[in-house]
Number of protein chains: 2
Amino acid sequence: MVRRTSLEGARCPVARALDVIGDWWSLLIIRDVFDGLRRFSELHESLGAARGILSARLRRLVEQGVLELVPASDGSAYKEYALTPKGQGLFLVIVSLRQWGEDFLYAPDEPRSGLVDAKTGEPVARLKLRTKNGRPLDWDNTLVKMPAE
Amino acid sequence: MVRRTSLEGARCPVARALDVIGDWWSLLIIRDVFDGLRRFSELHESLGAARGILSARLRRLVEQGVLELVPASDGSAYKEYALTPKGQGLFLVIVSLRQWGEDFLYAPDEPRSGLVDAKTGEPVARLKLRTKNGRPLDWDNTLVKMPAE
DNA sequence: TCAAACTGGTTCTATCTTAGAACTAGAGGC
DNA sequence: GCCTCTAGTTCTAAGATAGAACCAGTTTGA
């Protein structure tokens with residue numbers, strides 16, 4: 001880790017989250033696992049990260065309970081990486097990053113990939129902020145309420 | 001930057017997004033700006049980042065069009081940082097990180113902050129994945145469709 | 001008015017991380 | 001059994017960060 005100041009005990013959930021998956025490679029690893037890559041060598045080839053770094057990141061993600069090592073699905077004696085429920089919970093983080101990237105980081109006419117319903121091919125809708133009652137909300141109409149303490 | 005391999009031209013929007021805001025400090029800076037902090041000294045105090053690092057990150061975020069320098073709102077000759085539309089687009093990324101952090105990074109009885117409607121105090125709902133038609137969807141029923149090329 | 005303090009940085013060095021290559025132990029294939 | 005593949009570990013050079021020191025322009029206040 002480069003940031004020597006750990007955010008582990010921070011009051012802010014965003015800071016805590018970034019302390020776990022806010023480094024250079026973790027979210028890309030997790031994206032690849034969501035995309036079906038499981039084995040060390042697959043991840044190494046896909047990401048191009050140095051093996052030492054990849055190894056350290058995977059170990060940390062396992063320690064943090066985001067990934068777990070399970071027996072390889074091809075029946076060999078090797079292991080592969082799988083998302084825990086905690087790791088699966090990161091899907092919307094990936095989706096929000098994807099949607100932002102599609103909106104602001106592509107030339108207007110540049111071809112781009114898109115997330116679709118695997119069964120019907122129907123595109124996934126843009127994520128939307130709503131109140132618990134389902135009323136749409138903009139960011140400038142929100143505020144963070146601190147615990148009563 | 002630590003990652004020497006730039007992801008700028010990557011085909012994947014997640015990779016492009018992380019190339020812009022995937023470093024150690026950028027998302028925390030943006031979170032603070034969403035929370036109303038604007039001035040260099042406010043951000044420095046809130047984040048505890050070294051001044052040199054904070055300065056470099058802010059400059060990069062301005063270059064990337066995520067933040068912009070505007071005249072300070074107190075009428076002084078100083079400037080302050082504000083979110084551009086591109087920066088405002090990151091709100092759902094912050095919200096998804098916040099919700100994940102609240103779900104998985106807090107002890108069950110630990111007090112936590114929450115995002116609410118500023119006008120009514122009504123809590124913000126969990127983000128939910130849906131198809132364009134509004135049908136709820138789980139992560140394991142999605143796939144990434146590549147452009148026709 | 002003019003010195004002191006504040007703002008918003010820049011620059012410096014020691015320390016830590018990363019990239020990339022070389023090396024290794026165990027599993028599989030022939 | 002021998003060679004290759006898998007999944008790492010270890011090594012070094014190069015690059016990034018933390019924290020302190022420094023500095024120019026702005027504001028305060030006696």
Side-chain angles (χ1 to χ4, degrees), chain A residues 1-10 15 18-29 32-33 36-64 67-82, chain B residues 1-10 15 18-29 32-33 36-64 67-82:
Chain A
M1 306 292 121
V2 175
R3 179 200 285 139
R4 269 111 80 161
T5 19
S6 167
L7 268 22
E8 197 178 345
L18 290 174
D19 199 54
V20 175
I21 46 85
D23 69 283
W24 288 98
W25 290 111
S26 292
L27 275 176
L28 288 171
I29 292 171
D32 274 358
V33 179
L37 306 187
R38 299 284 148 101
R39 301 284 283 260
F40 185 89
S41 53
E42 290 177 316
L43 293 168
H44 174 55
E45 187 178 3
S46 164
L47 295 168
R51 301 168 86 78
I53 292 299
L54 181 57
S55 175
R57 286 292 163 275
L58 287 168
R59 184 167 35 240
R60 178 141 204 274
L61 289 171
V62 169
E63 282 168 8
Q64 296 278 345
L67 296 178
E68 60 187 340
L69 271 170
V70 300
S73 51
D74 62 2
S76 72
Y78 296 116
K79 307 267 185 180
E80 61 186 27
Y81 293 92
Chain B
M1 303 294 118
V2 175
R3 180 200 284 138
R4 271 113 79 164
T5 15
S6 168
L7 268 19
E8 198 180 343
L18 290 174
D19 199 55
V20 175
I21 46 86
D23 69 283
W24 288 99
W25 289 111
S26 291
L27 275 176
L28 287 171
I29 293 171
D32 274 357
V33 178
L37 305 187
R38 300 282 147 103
R39 303 284 283 262
F40 185 90
S41 53
E42 289 177 317
L43 293 167
H44 173 56
E45 187 179 3
S46 164
L47 296 167
R51 302 167 84 78
I53 293 300
L54 181 57
S55 174
R57 286 293 162 276
L58 287 168
R59 185 168 35 242
R60 179 141 203 274
L61 289 171
V62 169
E63 281 167 10
Q64 296 277 347
L67 297 178
E68 61 186 338
L69 271 169
V70 299
S73 52
D74 62 2
S76 72
Y78 295 117
K79 306 267 187 183
E80 62 185 28
Y81 293 92

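In the text below, chain A, chain B and the rest are named by the order of the sequence lines, each starting its count at 1.
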**Q** Ignoring backbone atoms, test whether A:R51 places a side-chain nitrogen or oxygen under 4.0 Å from the OP1 or OP2 oxygen of C:dA19.
**A** no
**Q** B:R60 CZ to C:dT10 C1': how many Å, rounded?
**A** 20 Å
**Q** Can you tell me which nucleotide in C:dA19, D:dT26, D:dT6 comes closest to the side chain of B:Y78?
**A** D:dT26
**Q** Please give, in whole Å, the distance from C:dT18 C1' to A:L58 CG?
**A** 16 Å
**Q** Check every atom of C:dT10, C:dT18, D:dA18 against the side chain of B:W25 and return the nucleotide holding the closest atom.
**A** D:dA18
**Q** When you get a sec, tell me which of D:dA18, D:dG8, C:dG8 is the closest nucleotide to the side chain of B:R39?
**A** C:dG8
**Q** Heavy-atom nearest nucleotide on DNA chain C for A:I53 versus A:S76: which residue maps closer to 5'?
**A** A:I53
**Q** Given atom NE2 of A:H44 and atom C1' of D:dT6, what is their separation to the nearest angstrom?
**A** 11 Å
**Q** One pair to check against side chain to side chain contact (heavy atoms under 4.5 Å, CB included): B:R51 and B:F40. What are the steps and the verdict?
**A** CA-CA 9 Å; B:R51 302 167 84 78; B:F40 185 90; 4.3 Å; yes
**Q** Short question: side chain of A:H44, backbone of A:A49 - any donor-acceptor pair under 3.5 Å?
**A** yes
**Q** Within this structure, what is the CH2-to-P distance between A:W24 and D:dT17, rounded to whole angstrom?
**A** 7 Å
**Q** Nearest whole Å is fine: how far is C:dT7 C1' from B:L37 CG?
**A** 16 Å
**Q** Return the nearest nucleotide to the side chain of B:S41; candidates are C:dG8, D:dT6, D:dG8.
**A** C:dG8
**Q** B:E42 side chain to B:R38 main-chain N or O, any donor-acceptor pair under 3.5 Å?
**A** yes
**Q** Tell me whether the OP1 or OP2 atom of D:dT6 has a side-chain N or O from A:Y81 closer than 4.0 Å.
**A** no
**Q** In this structure, how many angstroms lie between the P atom of D:dG15 and the CG atom of B:D23, rounded?
**A** 18 Å
**Q** Quickly work out the B:E45 CD to C:dT7 P distance and round it to whole Å.
**A** 10 Å
**Q** DNA chain C: A:G52 or A:A77, which has the more 5' nearest nucleotide?
**A** A:G52
**Q** When you measure from the side-chain N and O atoms of B:R59 to the phosphate of C:dG9, is any distance below 4.0 Å, counting only OP1 and OP2?
**A** no
**Q** Find the distance A:F40:CZ to D:dG8:P and express it as a whole number of Å.
**A** 6 Å
